[in-house]
Amino acid sequence: MGFFSKLKNVLKKTKDSFSVKLSNLFKHNELNDDFYDELEEVLITGDVGVETSLEIIDELKEATKKEHIKEAKQAYDMLKSILLEKISIDKLSIESPCIITFVGVNGVGKTTTIGKIANYFKKQNKNVLLVAGDTYRAAASAQLLEWGDRNKLKVVSQGEGADPSAVVFDGIASAKAKKIDILLIDTAGRLHNKVNLMEELKKINRVKTKEWPEAQQLNFIVLDATTGQNAVQQVKAFQDSIGIDGIVLTKLDGTAKGGAVIGIINELQVPITFVGVGEKIEDIEEFNAEEYINELLDMEKEEN
C-alpha cells in the first residue's frame, strides 16, 4: 500500500473537519468579503497558521481577479494550486554514506521513528547502523536495541549517563569500518530552553563533521502532528541551534490538525521528508506534496 492509499485513512480526522468545511464553503458561495472571511476562519482553525492563511487568501484574490472568476466553485482548483505551491519545496536527496541525527522534544516518538526509518532504508538494500545517543534514560537505549533486534541491525550503545558524543564517536568508527550506508543517531528529548542539552547537540554535530567529513550529515526533527502550529516554534528553536534539514511528522493519523503541514513547510521552508502513517514497522512513508494536497482537497464528500 503506497502513500496515497494510506493517506485516505491517515487524513480521515482532518478531512472530517477541515476538508469538509473547505469543500462546502467553495460549493455554495460567491467570491465576496463574507466568503474570504469564512475561508480565513476555516484555514486558521484548521491549523494552517495565521501568516500562511493570509498569504493564501491574498494569492487567491489576485488569481481570481486576474481570471475574472466570480463563483467560489470555479476557484477551487486555484486554491489547490496555491496550496501545492506552498508546500512544494526541493525534496531532500539522501546519499550514502549519510549520518542522520534525530532531535525533538520529549514524547514525539523519536526512537520508534528511527526503528521504522531503519526498516525503510534496509528495504532499499542499504547497510544501516543505529546509535543510542539518548543516554539519559536507560529505557531509551533498551527501546532502540529492541528496534535493532526487530530489524536485525546492530546498535552502538554505552551505559546510562555516558557522554552522547562519545557514543556517536564510537558509532561513526564502527560505521566507517563496516562501510555503513546510513547511520541513524537517537538523541534525548529536550526543550529549546535547556541550554546545556542544546549545546550537547552542537557537540554531536562537531564530532560528526570531524570524524566523518565525507559523509552527508543531516539533522531531522521529529514532530507530533497533534501539536499543530505549535510545531513551528519547536523547529525554529532547533533550527537556530543546530540547523534542521528535514522533518519527520508522526501521529498524523491521530489528529484533525493535518492542515498544519501547509503552514509548517511554508513558514519554515524545511521539507517534510517522512510521515508516520500507523503503528506498524512499515508505517513510515516519504512525504509526497501533490498526493497530500489532492487527498486533502478532494470533493467526494457531500455537504452534511
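Looking at Glu282 and Lys123, no side-chain N of the basic residue comes within less than 4.0 Å of a carboxylate O on the acidic one, giving no salt bridge. Salt bridge Arg137/Asp134: present, at least one basic N to carboxylate O contact under 4.0 Å. Using a 4.0 Å cut-off between charged nitrogen and carboxylate oxygen, Lys86 and Glu59 count as a salt-bridge pair. For Asp163 and Lys203, the salt-bridge test passes: some basic side-chain N is under 4.0 Å from an acidic carboxylate O. Under the 4.0 Å criterion applied to side-chain N and carboxylate O atoms, Glu38 and Lys21 are not assigned as salt-bridge partners.
Within the 3.5 Å criterion, the main-chain N or O of Pro97 finds no donor-acceptor partner in the side chain of Lys179. Although no hydrogens or angles enter the test, the distance criterion places no donor-acceptor pair under 3.5 Å between the side chain of Ser241 and the main chain of Phe238. In this structure, Ser174 contributes its side chain and Gly171 its backbone to no donor-acceptor pair below 3.5 Å. For the pair Gln158 (side chain) and Ala132 (backbone), a donor-acceptor distance under 3.5 Å is absent. The backbone N or O of Ser96 lies less than 3.5 Å from no partner atom in the side chain of Asp181, so there is not a single donor-acceptor pair. Within the 3.5 Å criterion, the main-chain N or O of Gly115 finds a donor-acceptor partner in the side chain of Asn151. Thr52 contributes no side-chain N or O that, together with a main-chain N or O of Asn266, makes up a donor-acceptor pair within less than 3.5 Å. Under the 3.5 Å distance criterion, the side-chain polar atoms of Gln217 are left unmatched by any main-chain donor or acceptor of Ile99.
Among all heavy-atom pairs drawn from Gly46 and Phe18, the shortest one is CA-CD1, 3.7 Å. In plain terms, the two heavy atoms of Asn119 and Ile281 that are nearest each other are ND2-O, 3.7 Å. Of all heavy-atom pairs spanning Lys126 and Ile182, the tightest one is CB-CG1, 4.1 Å. Shown here for Ala162 and Thr135, the closest heavy-atom pair between the two residues is O-OG1, 2.7 Å. Scanning all heavy atoms of the two residues, the minimum distance from Asp245 to Leu92 falls at O-CD2, 3.8 Å. Across every non-hydrogen atom of Thr111 and Ala140, the tightest pair is CG2-O, 4.2 Å.
Between Gln234 and Val105 the shortest side-chain heavy-atom distance falls below 4.5 Å. Contact of the Leu268 side chain with the Val232 side chain is registered, since non-hydrogen atoms from C-beta on lie closer than 4.5 Å. Side-chain contact between Phe26 and Leu79: present, with at least one pair of heavy atoms (C-beta onward) separated by less than 4.5 Å. The shortest side-chain heavy-atom distance between Phe287 and Ile247 does not fall under the 4.5 Å cut-off. Looking only at side-chain heavy atoms (C-beta outward), Leu31 and Lys70 stay at 4.5 Å or farther from each other. Counting heavy atoms from C-beta outward, Val103 and Val222 have side chains that stay 4.5 Å or more apart. Lys208 has its side chain within reach of Asn219: a pair of non-hydrogen atoms, C-beta onward, lies under 4.5 Å apart. Leu184 has its side chain out of reach of Val131: every pair of non-hydrogen atoms, C-beta onward, lies at least 4.5 Å apart.
Remark: Asp224 CG to Lys251 NZ distance equals 4.0 Å, nearest 0.5 Å. For the atom pair CD1 (Ile204) and CD1 (Ile242), the distance works out to 8.5 Å, reported to the nearest 0.5 Å. In this structure, CG in Asp283 is found 12.0 Å from OG1 in Thr112, a value given to the nearest 0.5 Å. Atoms CG and CG, on Leu130 and Leu153 in that order, are 5.5 Å from each other to the nearest 0.5 Å. Atom-to-atom distance recorded for Leu129:CG and Lys178:NZ is 8.0 Å, nearest 0.5 angstrom. For the atom pair CD1 (Ile69) and NZ (Lys61), the distance works out to 15.5 Å, reported to the nearest 0.5 Å.
Annotation: Lys80, atom NZ; neighbour count of heavy atoms from other residues, nucleotides and ligands within 6.0 Å is above 12. Atom CD of Glu279 has 12 or fewer heavy atoms from other residues, nucleotides or ligands within 6.0 Å. With a 6.0 Å radius and a threshold of 12 heavy atoms from other residues, nucleotides or ligands, Phe169 has its CZ atom at or below the threshold. Residue Gln74 places its CD atom among more than 12 non-hydrogen atoms of other residues, nucleotides or ligands, all under 6.0 Å distant. The number of heavy atoms from other shown groups lying within 6.0 Å of CD (Glu30) does not exceed 12. Within 6.0 Å of CG in Asn32 there are more than 12 heavy atoms belonging to other residues, nucleotides or ligands. Counting non-hydrogen atoms of neighbouring residues, nucleotides and ligands closer than 6.0 angstrom, the NZ atom of Lys154 reaches no more than 12 such neighbours. No more than 12 heavy atoms of other residues, nucleotides or ligands shown are found within 6.0 angstrom of CD on Glu62.
Shown are Leu297, Leu83, Ile262, Ile272; of these, the side-chain contact (heavy atoms from CB on, under 4.5 Å) with Tyr292 is made only by Ile262. Of the residues Leu223, Ile114, Thr273, Val275, the one that meets the side-chain contact (heavy atoms from CB on, under 4.5 Å) test with Val248 is Thr273.
Under the 4.5 Å side-chain contact rule for hydrophobic residues, Val235 and Ile89 share a cluster. In the hydrophobic cluster analysis, where Ile, Leu, Val, Met, Phe, Trp and Tyr join through side-chain heavy atoms closer than 4.5 angstrom, Leu54 is grouped apart from Leu43. Linking Ile, Leu, Val, Met, Phe, Trp and Tyr residues whenever their side-chain heavy atoms come within less than 4.5 Å leaves Phe102 and Trp147 in two separate clusters. Hydrophobic clustering of Ile, Leu, Val, Met, Phe, Trp and Tyr side chains at less than 4.5 Å, counting indirect connections, keeps Leu22 apart from Ile44.
Ring orientation note: the planes of Phe220 and Phe274 are tilted relative to one another, at an angle of 30° to 60°.
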Derivation of the side chain to side chain donor-acceptor pair (under 3.5 Å) call for Tyr120 and Glu286: CA-CA 10 Å; Tyr120 171 88; Glu286 283 192 67; 2.3 Å; yes
For Glu200 and Arg190: C-alpha separation, side-chain torsions, deciding distance, then whether salt bridge (charged side-chain N to carboxylate O under 4.0 Å, His left out) applies. CA-CA 10 Å; Glu200 185 178 86; Arg190 65 201 73 206; 3.2 Å; yes
